[in-house]
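Here's the structure, in structure tokens; my notes come after.
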Number of protein chains: 2
Amino acid sequence: MKIRIVDIADKAGVSAGTVDRIIHQRGRYSEKTKEKVEKAIQELGYAPDIMARNLALKKELHIVCLIPNPNDTKYWERPISGIHKAISELASFKVDIKTVLFLPRKDDFKIACEQILQSNPDGVVYVPMFLQESLSFAELLNDKGIPFVHINIHHSLANPLSYVGQDPIAAGKTAASLCAMALQKNHHILIAYISKEKQEYSHLQDRIDGFIQYFDHKHSDQSQIFHLDIKTNKDESEYDKQLMQYLNKHPNIQLIYVPNSRAYKIASILKKYKRKDFIVIGFDTLIENITYLKEGYIDLIIGQQSKSQGFNAVMLLFNALFRKEAVNPQNLLPVDILNAENIDFYEGLMQ
Amino acid sequence: MKIRIVDIADKAGVSAGTVDRIIHQRGRYSEKTKEKVEKAIQELGYAPDIMARNLALKKELHIVCLIPNPNDTKYWERPISGIHKAISELASFKVDIKTVLFLPRKDDFKIACEQILQSNPDGVVYVPMFLQESLSFAELLNDKGIPFVHINIHHSLANPLSYVGQDPIAAGKTAASLCAMALQKNHHILIAYISKEKQEYSHLQDRIDGFIQYFDHKHSDQSQIFHLDIKTNKDESEYDKQLMQYLNKHPNIQLIYVPNSRAYKIASILKKYKRKDFIVIGFDTLIENITYLKEGYIDLIIGQQSKSQGFNAVMLLFNALFRKEAVNPQNLLPVDILNAENIDFYEGLMQ
DNA sequence: TTGTATGCGTTATCAG
DNA sequence: CTGATAACGCATACAA
């Protein structure tokens, strides 16, 4: 038996219109009728019918997603595809979801934020790539009472409605535990990455910290951990040599841990020099990484369900806004372990 | 701009009622008006409004799920929890979803099938645990034109609307690839399992086959693969001894592969004898397995997203029935690799 | 064979 | 401050 708005109107001895105004706090009602109505709602256990609401609704809900341009970093294609999945899943609701892209520079990010604030959305999903700029954006959104969700990068300060993404420390520890399992006695680990100009914030350091922490807590064995940071401002052949020279100098290195999503760069060098004798472990299921995984130049990839980042964030915001559901402030995604055998079944990657 | 039923009625020069009868093929219309209407639908690109339809609908959709009783095998708790998630997700639709449990015996399965057929459901989700009985159930459902989805176990013969579950061969290969990574030179593998009376069908053999296949394709090394099948019709202390004697007789066994979900049984024996020097790899995230994983008596678990099995199956059937969506005949779930570091983030296990 | 009217539960407008 | 009522898009019983 379904409780409708008229049922509680009857019970409270008022009309449906009044109940509606009280439920949506549109004003124009007295305190004592409010109390009567709320009591009736409690007693009968009223829950609104989403379908009927959506049918009767005049105005749409506006949600906007601010994501780095995938032309610059391929990674962002997958969260965007998750957003598209959410869009089609919510197609029958009166909600419009837009995606705004920004180039990974502070000025472009700020311009995009401005633009979004102008459009007065009902909710925002964004990647807080720059610490300071993200905080001021969060503040402006809070001032306007617009709820927002962070994806991929977690800032404890900004106090978003929710964070959707992985715990990068846990991801680092997971990678380390696999390394510990694969590493032979008296062999060493190299933490290597090819990085662009200094990123203000990325998972890089947390993934390294988690990795180190794991080994600190375990028996240390005879293994050592080396570090090699290669800057991309040199030409390609230059950093090829830099890596190979390092590896030749430390012949007991058996395993290479690449804490950013560019393991494929390391793999391409190893392929060039026909060195399949290393175990390489990297992050993120970019198509380039998958190619080398299947060729055997990358052995393990830690996945972070990039698609779910976009999908969950939008769904969560929608449910909070439309159905007024309570939300978890943390939506921690799994730390997925992928290799050549299970990659084909991952996140509908091959569809 | 939204195309409604009256829009195509206008365009075709008929009334809304006629369009409705044609769309739902309720008869009582002439061929030539049918053509006119279908042309209009094509040209205007009509898609029904799910919300309005659900609101206007009188009768509900009945979906029934036939699942083994989790009191007997704990595994089934998770698919059932996935079904419950689907139920709450579909709460606002006019659909009722029931779960029927059966004890893992042919006679009980058959009785449950009878009962379901009596109730004349619109769609069925079931675990085809017994080959012959499942095929005849499938046939009866087909005769009545009732679509059905198989979960967990795949029978190519029965021709279900879809199969939701893992590829067990791929799961075996994935386990093998991890073993290959962890195994030290000149050390051996034991495939061990404690089984009840012969199961008619389970993933067991496929998981073993996939495992063996992987090693067949790789350089064989000096490693050997041993097999040990322990029957549960002895008393506990009996099979404790059987395992330990086997391990003592083959001191170079470093790794134990348990292809069914009862790795915790093996782990409990190893714990009793304080043997942490083996790498144990098992299947399924039963609470018992997770406990030993965290204690270090199990090292790796292959997960099959048991919860998604139930959830996806119901959602898929609902979408096929209610929104008349096309469905993939295969809904292959990922092969998840879990260890002590990433288990806490898996499938909302810890919520 | 076809058209019309009513209802589903909610929102929103307008008259009291 | 409050009540009545017309939409929203579709299904369906009933009238023609």
Side-chain angles (χ1 to χ4, degrees), chain A residues 1-38 40-41 44-61 90-96 122 321-324, chain B residues 1-38 40-41 44-61 90-96 122 321-324:
Chain A
M1 180 51 202
K2 184 152 204 148
I3 306 298
R4 299 155 305 158
I5 229 165
V6 290
D7 295 325
I8 72 151
D10 275 4
K11 172 125 186 166
V14 295
S15 78
T18 305
V19 175
D20 181 72
R21 263 170 273 131
I22 289 170
I23 288 175
H24 295 91
Q25 308 181 56
R26 302 189 218 276
R28 303 189 302 162
Y29 51 80
S30 67
E31 264 310 307
K32 72 165 191 276
T33 52
K34 181 186 172 180
E35 277 162 29
K36 276 193 299 183
V37 166
E38 282 181 340
I41 289 181
L44 297 183
Y46 169 75
D49 182 318
I50 302 295
M51 307 291 167
R53 160 175 300 172
N54 191 65
L55 188 63
L57 230 40
K58 298 273 193 241
K59 75 172 178 89
E60 347 191 72
L61 219 54
L90 297 176
S92 26
F93 288 91
K94 288 208 177 58
V95 48
D96 116 292
D122 299 290
L321 250 27
F322 193 85
R323 337 170 81 121
K324 290 150 193 0
Chain B
M1 180 52 201
K2 183 153 207 152
I3 306 298
R4 298 156 305 158
I5 232 167
V6 291
D7 295 323
I8 72 153
D10 275 4
K11 173 124 184 168
V14 294
S15 80
T18 306
V19 174
D20 180 75
R21 265 170 270 131
I22 290 169
I23 288 175
H24 294 91
Q25 307 181 56
R26 302 188 217 276
R28 303 190 304 164
Y29 51 80
S30 68
E31 264 310 305
K32 72 165 191 276
T33 52
K34 182 188 173 180
E35 277 162 29
K36 276 193 300 185
V37 167
E38 283 182 339
I41 289 179
L44 296 184
Y46 168 75
D49 182 316
I50 301 294
M51 307 292 167
R53 161 175 298 173
N54 192 66
L55 190 62
L57 228 42
K58 298 275 191 233
K59 74 178 177 81
E60 356 188 68
L61 218 53
L90 297 176
S92 25
F93 289 90
K94 286 203 178 59
V95 50
D96 116 290
D122 299 291
L321 250 27
F322 192 84
R323 336 173 81 123
K324 287 147 190 7

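Quick note on labels: first sequence line is chain A, next is B, and so on, each numbered from 1.
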Side-chain heavy-atom pair A:Phe93, A:Leu57 within 4.5 angstrom cut-off =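 A side-chain contact is absent here, since even the closest heavy-atom pair is not under 4.5 Å.
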
Min side-chain heavy-atom separation A:Ile23-A:Ile5 under 4.5 Å |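 Contact flag for A:Ile23/A:Ile5 side chains = yes.
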
Dump the intermediate steps for side chain to side chain contact (heavy atoms under 4.5 Å, CB included) on A:Ser92 and B:Arg53, then the final yes or no.
-> CA-CA 11 Å; A:Ser92 26; B:Arg53 161 175 298 173; over 6 Å; no

Value in whole Å for how far the [atom2] atom of [N] lies from [atom1] of [X]:
{"X": "A:Ile22", "N": "C:dT10", "atom1": "CD1", "atom2": "C1'", "answer": "16 Å"}
{"X": "B:His24", "N": "D:dA13", "atom1": "NE2", "atom2": "C1'", "answer": "15 Å"}
{"X": "B:Lys94", "N": "C:dG7", "atom1": "NZ", "atom2": "C1'", "answer": "11 Å"}
{"X": "A:Asp20", "N": "D:dT2", "atom1": "CG", "atom2": "C1'", "answer": "13 Å"}
{"X": "B:Arg26", "N": "C:dT1", "atom1": "CZ", "atom2": "P", "answer": "17 Å"}
{"X": "B:Phe93", "N": "D:dA11", "atom1": "CZ", "atom2": "P", "answer": "14 Å"}
{"X": "B:Ile5", "N": "D:dC8", "atom1": "CD1", "atom2": "P", "answer": "15 Å"}
{"X": "A:Phe322", "N": "C:dT11", "atom1": "CZ", "atom2": "C1'", "answer": "11 Å"}

Check whether any side-chain N or O of B:Asp96 sits under 3.5 Å from a backbone N or O of B:Glu60 as a donor-acceptor pair, and report yes or no.
->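 No; zero donor-acceptor contacts below 3.5 Å.
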
Could you tell me which residues satisfy side-chain hydrogen bond (donor to acceptor under 3.5 Å, both in side chains) with A:Asp7, sequence neighbours excluded, listed by chain and number?
->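 So A:Asp7 forms a side-chain hydrogen bond (donor to acceptor under 3.5 Å, both in side chains) with A:Arg4.
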
Does a side-chain N or O of [X] approach OP1 or OP2 of [N] to a distance below 4.0 Å, or not?
{"X": "B:Thr33", "N": "C:dT1", "value": "no"}
{"X": "A:Tyr29", "N": "D:dG3", "value": "no"}
{"X": "A:Thr18", "N": "D:dT2", "value": "no"}

Each nucleotide N or O in nucleotides 14-16 of chain D that has a protein N or O under 3.5 Å away: list the pair and distance.
none

Looking across every strand, which nucleic acid part, if any, lies under 4.0 Å from A:Val14 by heavy atom: base, sugar-phosphate, or nothing?
->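 Sugar-phosphate contact only.
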
Near DNA chain D, which residues from residues 48-57 of chain B have a heavy atom under 4.0 Å away?
->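 Within this stretch, B:Pro48, B:Asp49, B:Ala52, B:Arg53, B:Ala56, B:Leu57 sit under 4.0 Å of the strand.
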
For B:Lys58 and B:Ser30, take the nucleotide of DNA chain C holding the closest heavy atom to each; which residue's nucleotide lies nearer the 5' end?
->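 With B:Lys58 and B:Ser30 compared, the 5'-side residue is B:Ser30.
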
For the helix from C:dT1-D:dA16 to C:dG16-D:dC1, what angle lies between the axis at the first five pairs and the axis at the last five pairs, to 10 degrees?
->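 Inter-axis angle at the termini of the helix from C:dT1-D:dA16 to C:dG16-D:dC1: 50°.
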
Quick one: closest heavy-atom pair of [X] and [Y], and the distance?
{"X": "B:Ile3", "Y": "B:Leu44", "result": "CG1-O, 3.3 Å"}
{"X": "A:Ala9", "Y": "A:Ser15", "result": "CB-C, 3.7 Å"}
{"X": "A:Ala40", "Y": "A:Ile8", "result": "CB-O, 4.0 Å"}

Listed by chain and number, what are the salt bridge (Lys or Arg N to Asp or Glu O under 4.0 Å) partners of A:Lys11, not counting sequence neighbours?
->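 For A:Lys11 the salt bridge (Lys or Arg N to Asp or Glu O under 4.0 Å) partners, ignoring immediate neighbours, are A:Glu43.
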
For A:Phe322 and A:Leu61, what are the C-alpha separation, side-chain angles and deciding distance, and is it a side chain to side chain contact (heavy atoms under 4.5 Å, CB included)?
-> CA-CA 8 Å; A:Phe322 193 85; A:Leu61 219 54; 4.1 Å; yes

Could you pick out which residue, A:Gly17 or A:Glu31, lies toward the 5' side of DNA chain D when each is mapped onto its nearest nucleotide?
->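 On the 5' side of the pair lies A:Glu31.
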
So which one's nearest nucleotide on DNA chain D is more toward 5', B:Ile3 or A:Gly27?
->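 Comparing both residues, the 5'-ward one is A:Gly27.
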
Side chain to side chain contact (heavy atoms under 4.5 Å, CB included) assessment of A:Ile41 paired with A:Ile22 = CA-CA 11 Å; A:Ile41 289 181; A:Ile22 289 170; 5.8 Å; no

Pairing residues for A:Arg26 by the side chain to side chain contact (heavy atoms under 4.5 Å, CB included) criterion, not counting sequence neighbours |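 A:Asp20, A:Arg21, A:His24.
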
